[in-house]
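These notes concern the structure reproduced below.
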Number of protein chains: 2
Amino acid sequence: MSERGGRSRHRDDATDTEAEGKSRAERKERTRQRLLEVTLRLIEDRSLASLSLREVAREAGIVPTAFYRHYASMDALGVDLVDDAMRPLRQMIRDARRGRAAHSDIIASTVAVLARQVRDHPDQFRFLTRERYGGVAGVRRAIATELRLFTTELTVDLARLTAGYDWTADDLEMAASLMVAAMLTTVMDLLETDPRRPEDADALLDKAERQLRLIALGMGEWRSKP
Amino acid sequence: MSERGGRSRHRDDATDTEAEGKSRAERKERTRQRLLEVTLRLIEDRSLASLSLREVAREAGIVPTAFYRHYASMDALGVDLVDDAMRPLRQMIRDARRGRAAHSDIIASTVAVLARQVRDHPDQFRFLTRERYGGVAGVRRAIATELRLFTTELTVDLARLTAGYDWTADDLEMAASLMVAAMLTTVMDLLETDPRRPEDADALLDKAERQLRLIALGMGEWRSKP
DNA sequence: ATTTCCGGTGATCACCTGTACACAGCGCTA
DNA sequence: TAGCGCTGTGTACAGGTGATCACCGGAAAT
């Protein structure tokens with residue numbers, strides 16, 4: 001282990017090739033991003049709770065004390081991490097549904113979008129699923145809130161699709177959350193597949209699609225009792 | 001905080017009223033149980049990873065070194081905890097289904113059994129759901145294995161119920177795992193309800209029942225494509 | 001041009017961690 | 001009855017932890 005930054009003021013990274021960051025605000029934002037990124041990388045196979053402030057600071061190339069210039073604690077960083085991960089995802093899924101609302105197969109396209117997102121940012125999803133129930137209270141609450149937003153959006157979509165079949169709001173929410181549960185389980189299972197065996201992931205995605213279709217089929221027969 | 005067992009050889013508990021445990025094997029088993037029980041209590045609102053060997057030993061009334069007489073590490077204890085929690089549960093659910101196989105409402109009785117089990121042993125379920133994805137690799141694998149057993153049993157049940165409708169084995173598994181996913185989500189949500197508001201729990205259970213019925217409804221319309 | 005601000009430094013605090021070691025005392029077995 | 005085995009003890013060590021401190025130096029504000 002070489003001493004990192006023992007004497008030099010800044011990290012000498014490959015990224016420091018030219019632009020060292022001009023304004024102070026930019027610099028700060030840069031290290032903040034570095035903290036988030038490093039944290040995400042470090043918890044690839046551990047929980048956030050088992051990660052120490054010092055470890056994150058060390059890996060980000062700053063001294064432990066400097067961490068406090070950005071977050072009051074690791075928990076605060078965790079909360080920040082939650083919406084950094086959720087915001088782009090929600091946007092994506094929303095686009096996938098809106099963009100093809102008229103299109104034939106909403107189910108297939110939604111599953112596809114989610115699959116790509118999981119494949120491209122596995123560490124973010126790992127973080128979310130891992131801390132969803134296992135994390136500290138603050139992080140857990142942040143994730144729960146985001147997921148509720150998610151379910152709500154889906155409920156609205158379903159309301160549009162079932163217009164005229166007098167579904168109860170409660171039943172709509174029931175169906176929506178079943179779908180979300182199925183997708184979340186798929187995500188968690190996806191993350192545990194061996195990346196060298198893409199056929200496993202494909203099988204999971206196929207299963208997810210069939211599950212959503214099964215639910216849709218059930219919805220066709222469902223009658224809300226008021 | 002009073003010093004626990006500073007001088008006395010054994011803990012002076014209410015349980016030590018008479019039977020102090022006779023054989024040596026019994027004694028050992030007793031402290032082992034105490035370790036498990038204490039661990040379960042301590043992780044009520046933290047992850048297993050954030051729990052230290054010393055803390056568990058301290059709370060169990062033994063010195064840190066003595067811990068090693070029972071487990072090589074906290075992880076090993078975690079794995080032990082998994083099947084201590086799963087074994088009785090699996091038995092219960094199996095009974096609930098077998099016992100009433102002919103009975104009208106399998107769904108209602110299964111949900112009821114699960115609800116009671118969760119209410120009676122919340123800490124075990126908290127442990128399972130929390131470590132299912134958040135825990136160490138060993139514990140995670142142990143839980144995954146147990147859940148797969150669970151899904152397999154349900155698949156067999158479904159096969160019996162759908163006999164004559166030529167369901168693919170794959171589709172049966174798909175439906176079974178959707179049901180399991182729904183139930184697991186319910187369990188996790190149940191654990192986060194405020195115990196002082198039992199109506200919230202009731203609402204969740206009602207939702208779970210409707211979700212299972214929705215799936216059953218879908219299964220009635222489903223046709224496997226071979 | 002001077003002062004203020006602020007992200008980062010390095011030393012230090014008291015504490016907690018896992019594990020190693022030698023040893024004690026009881027129960028089981030030879 | 002003698003003695004080995006095994007659970008539990010007490011002490012110790014080397015290292016990691018979160019938090020606080022006074023301080024530095026360059027960018028920003030005046």
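The shown structure was predicted, so the numbers you read here are calculated from the model rather than taken from an experiment. Basis for what follows: all heavy atoms, side chains included, without hydrogens, waters or symmetry-related copies. All chains are named by letter (A, B, ...) in the order of the sequence lines, taking the proteins before the strands, and each is independently numbered beginning at 1.
Applying the salt bridge (Lys or Arg N to Asp or Glu O under 4.0 Å) definition to pairs two or more places apart or across chains, those involving residues 131-141 of chain A are A:Arg140-B:Glu192. Among residues at least two apart or in separate chains, salt bridge (Lys or Arg N to Asp or Glu O under 4.0 Å) pairs with a member in residues 69-81 of chain A are A:Arg32-A:Asp80. Among pairs with a residue in residues 173-185 of chain B, those fulfilling salt bridge (Lys or Arg N to Asp or Glu O under 4.0 Å) read A:Lys207-B:Glu173, at least two apart in sequence or across chains.
Residues from residues 66-82 of chain A lying near DNA chain D, meaning a heavy-atom separation below 4.0 Å, are A:Tyr68 in numerical order.
A sub-4.0 Å separation between OP1 or OP2 of D:dT7 and a side-chain N or O of B:Thr31 is absent.
Minimum interatomic distance between B:Ala57 and B:Pro64 (heavy atoms only, all atoms of both residues): CB-CA, 3.8 Å. Nearest heavy atoms, A:Val79 versus A:Val139: N-CG2, 3.9 Å. Here the closest heavy-atom approach between residue B:Leu48 and residue B:Gly78 is recorded as CD2-CA, 3.9 Å. In this structure, A:Leu53 and A:Tyr68 approach most closely via the heavy-atom pair CD1-OH, 3.5 Å.
Mapped onto DNA chain C by nearest heavy atom, B:Leu51 and A:Lys28 fall at different nucleotides, with A:Lys28 at the one closer to the 5' end. Nearest-nucleotide mapping onto DNA chain D: of A:Thr65 and A:Ala25, the residue sitting toward the 5' end is A:Thr65.
Whole-Å rounding puts the B:Glu29 CD to D:dG8 P distance at 11 Å. Straight-line distance from the CZ atom of B:Arg27 to the P atom of D:dT9: 11 Å, rounded to whole Å.
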Hey, what are the protein-to-nucleotides 2-4 of chain C N/O distances that come in under 3.5 Å?
none

What protein N or O atoms touch nucleotides 13-17 of chain C N or O atoms at under 3.5 angstrom, if any, and at what distances?
residue	atom	partner	partner atom	Å
C:dT17	OP1	B:Ser52	OG	2.8
C:dT17	OP2	B:Arg58	NH2	2.9

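Judged by distance alone, with hydrogens and angles left aside, the side-chain atoms of B:Gln211 form a donor-acceptor pair with the main-chain N or O of A:Met174 at under 3.5 Å. Proximity of a side-chain donor or acceptor of B:Arg130 to a complementary backbone N or O of B:Glu44 within less than 3.5 Å is detected. With hydrogens and angles ignored, the 3.5 Å screen pairs no side-chain donor or acceptor of B:Arg34 with any backbone N or O of B:Ile62.
Among B:Asp200, B:Asp194, B:Thr193, the single residue meeting the side-chain hydrogen bond (donor to acceptor under 3.5 Å, both in side chains) criterion with B:Arg197 is B:Asp200.
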